[in-house]
Protein chains: 2
Amino acid sequence: MITISKENYLKSIYTLAKGNGNFVSLTELSKELNVTKSAVTEMSKKLYEQGCVKYVRYKGIKILPKGKKIALKVIRKHRLWELFLVETLNLSWDKVHLEAEKLEHFTSDFLIDTIDEYLKYPKLDPHGEPIPCKDGSYRYKINDIPMSECILGKTYKVTRVNDREEELVRYLSKIDIQLNREIKIIEKLKFDNSVIIEVNGVKHSLSSKLVDNIFLTKANG
Amino acid sequence: MITISKENYLKSIYTLAKGNGNFVSLTELSKELNVTKSAVTEMSKKLYEQGCVKYVRYKGIKILPKGKKIALKVIRKHRLWELFLVETLNLSWDKVHLEAEKLEHFTSDFLIDTIDEYLKYPKLDPHGEPIPCKDGSYRYKINDIPMSECILGKTYKVTRVNDREEELVRYLSKIDIQLNREIKIIEKLKFDNSVIIEVNGVKHSLSSKLVDNIFLTKANG
DNA sequence: TAATTAAGTTAAGTATGCTTAACTTGTTGC
DNA sequence: GCAACAAGTTAAGCATACTTAACTTAATTA
């Protein structure tokens with residue numbers, strides 16, 4: 001039986017491995033899911049028994065095709081819900097993550113396919129994350145870099161933000177950053193890894209944590 | 001803590017008491033919720049300890065204001081979801097009940113209020129059931145009778161059907177019965193409590209179980 | 001009124017998914 | 001190589017919400 005808890009574990013394993021299918025450490029997982037390491041060990045064994053993951057004691061956990069399929073299905077539901085709520089109800093992009101986090105587990109395949117069709121098979125969710133297709137493939141390939149890796153003085157376009165950090169998204173709205181907004185990298189401070197950027201002529205200092213969760217693409221021209 | 005299971009118990013207690021606040025038998029509840037009587041006994045004690053119900057051993061269970069508030073909130077979420085899915089995604093009225101049954105427990109007050117506003121504070125769901133307001137009151141008072149109590153030869157309008165019976169709703173669609181459709185009571189068979197009706201000039205025999213779940217109002221003229 | 005039956009209760013047990021506490025394993029720096 | 005520490009595991013225990021089986025209470029009816 002794939003429970004809601006298992007869906008969440010698989011989603012986190014897939015996400016933390018960044019789609020590479022790498023091993024994920026159990027400590028990392030426990031932090032992501034806000035549970036103890038022992039809870040993760042226990043669940044790892046169950047997911048292994050169900051053929052969803054490869055689990056090597058003292059090493060970590062790695063997603064397998066069966067688990068990946070489940071993870072992508074949940075991610076698909078999450079991102080389509082986010083976009084649907086923004087599109088139909090005009091919810092702001094900082095409010096949809098938490099709602100989608102719950103709805104994703106209680107939506108039939110039929111309903112999510114209907115939503116997909118209604119939205120005309122969109123490629124990206126409101127935070128710039130690609131939406132998996134019904135068959136588990138992506139309609140869009142990510143091609144951006146975290147702000148921390150950007151080059152000084154250049155101008156970029158914001159193409160993706162981490163929706164799991166509600167406060168981050170809310171703060172970005174506040175300083176008038178949204179998807180496709182052009183920003184310029186003014187300064188990168190080595191000592192705390194913060195970055196100073198310019199948006200619409202206004203300068204802002206972004207902490208290291210913010211900088212790791214904002215993804216950019218080179219602006220055309 | 002009000003869990004999903006408790007929400008479902010309270011919803012059923014409220015519904016089975018038909019809003020009168022009467023005692024509900026535990027056997028009735030166990031059938032409604034598809035659990036054993038012992039499970040109901042156990043939960044009754046918990047709901048009593050939380051002040052949601054009055055529970056008298058060997059007698060039954062009766063909803064209290066605290067429990068009623070929770071039940072109405074869940075019912076509100078259920079019915080608004082049903083209507084929202086019909087309105088935005090064009091789902092048919094026989095497909096929305098099961099979806100709403102899950103979504104109702106995972107929808108924030110903020111989200112459901114937004115949906116309520118989007119739908120312009122509707123009075124009725126797709127099956128003709130009144131939708132509770134945010135404050136727990138009803139915008140609409142039911143004023144119909146079950147088909148079993150209708151008078152021979154008269155013409156009525158279908159104003160409400162029991163959405164919990166998916167098959168019933170699907171069958172009604174099949175014989176072209178929808179809300180506000182006019183039907184005429186042709187014959188009532190005593191021996192099995194079935195009723196023969198006429199819809200759009202076509203006669204249909206409806207079993208006792210169907211007849212108990214369809215509610216009618218006298219047609220004007 | 002006593003027997004029968006339905007309704008309701010209790011006790012013991014199960015699965016899931018957590019926790020804490022004590023432990024083992026693996027890795028890293030000196 | 002080994003001490004120190006982080007990572008991971010194990011064991012015992014808990015809460016929720018079920019189950020089955022055996023029981024008690026209440027209502028019905030002959």
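Proteins get letters first, then strands, A, B, ... in listed order; numbering begins at 1 in each. Values reported hereafter were calculated over all heavy atoms of this structure, with side chains retained and with hydrogens, waters and symmetry mates removed.
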Legend entry - Nearest-angstrom distance from the residue atom NZ of B:Lys59 to P of C:dT9: 13 Å

Inset, instruction - Determine, for nucleotides 14-19 of chain C in 5'-to-3' order, which nucleotides have protein heavy atoms under 4.0 Å from the base (write B), from only the sugar-phosphate (write S), or from neither (write -). - result: --SBBB

Inset, instruction - Rounded to the nearest angstrom, tell me the gap between atom CD in A:Glu28 and atom C1' in D:dG8. - result: 14 Å

Legend entry - salt bridge (Lys or Arg N to Asp or Glu O under 4.0 Å) partners of A:Glu104, counting only residues at least two apart: A:Lys11

Legend entry - Rounded distance in Å - NZ (B:Lys62) to C1' (C:dG8): 19 Å

Inset, instruction - Please list, chain by chain and in numerical order, all residues satisfying salt bridge (Lys or Arg N to Asp or Glu O under 4.0 Å) with A:Lys209, sequence neighbours excluded. - result: A:Glu165

Legend entry - Nucleotide D:dA6, atom P - distance to NZ of A:Lys31 in whole Å: 10 Å

Legend entry - Pairs satisfying side-chain hydrogen bond (donor to acceptor under 3.5 Å, both in side chains), at least one member in residues 55-74 of chain A, at least two apart: A:Lys73-A:Asp109

Inset, instruction - Round to a whole Å and report the spacing from CG of A:Leu29 to P of D:dT9. - result: 11 Å

Inset, instruction - Verify the contact: side-chain N or O of A:Tyr58 to OP1 or OP2 of D:dA6, cut-off strictly under 4.0 Å; return yes or no. - result: no

Inset, instruction - May I ask you to say what B:Thr27 touches in the nucleic acid, namely base, sugar-phosphate or nothing, with a heavy-atom cut-off under 4.0 Å? - result: sugar-phosphate

Inset, instruction - With sequence neighbours excluded, tell me which residues meet side chain to side chain contact (heavy atoms under 4.5 Å, CB included) with A:Ser38. - result: A:Thr36

Inset, instruction - Specify the separation, in whole Å, of atom CG of B:Leu33 and atom P of D:dT16. - result: 18 Å

Legend entry - By ring pair (Phe, Tyr, Trp, His ring centres under 6.0 Å) - contacts of B:Tyr156 (at least two apart): none

Inset, instruction - Without swapping roles, check the side chain of A:Arg79 against the backbone of A:Pro132 for a donor-acceptor pair under 3.5 Å. - result: no

Inset, instruction - Give a yes/no answer on whether the side chain of A:Arg57 brings an N or O atom under 4.0 Å of OP1 or OP2 in C:dT24. - result: no

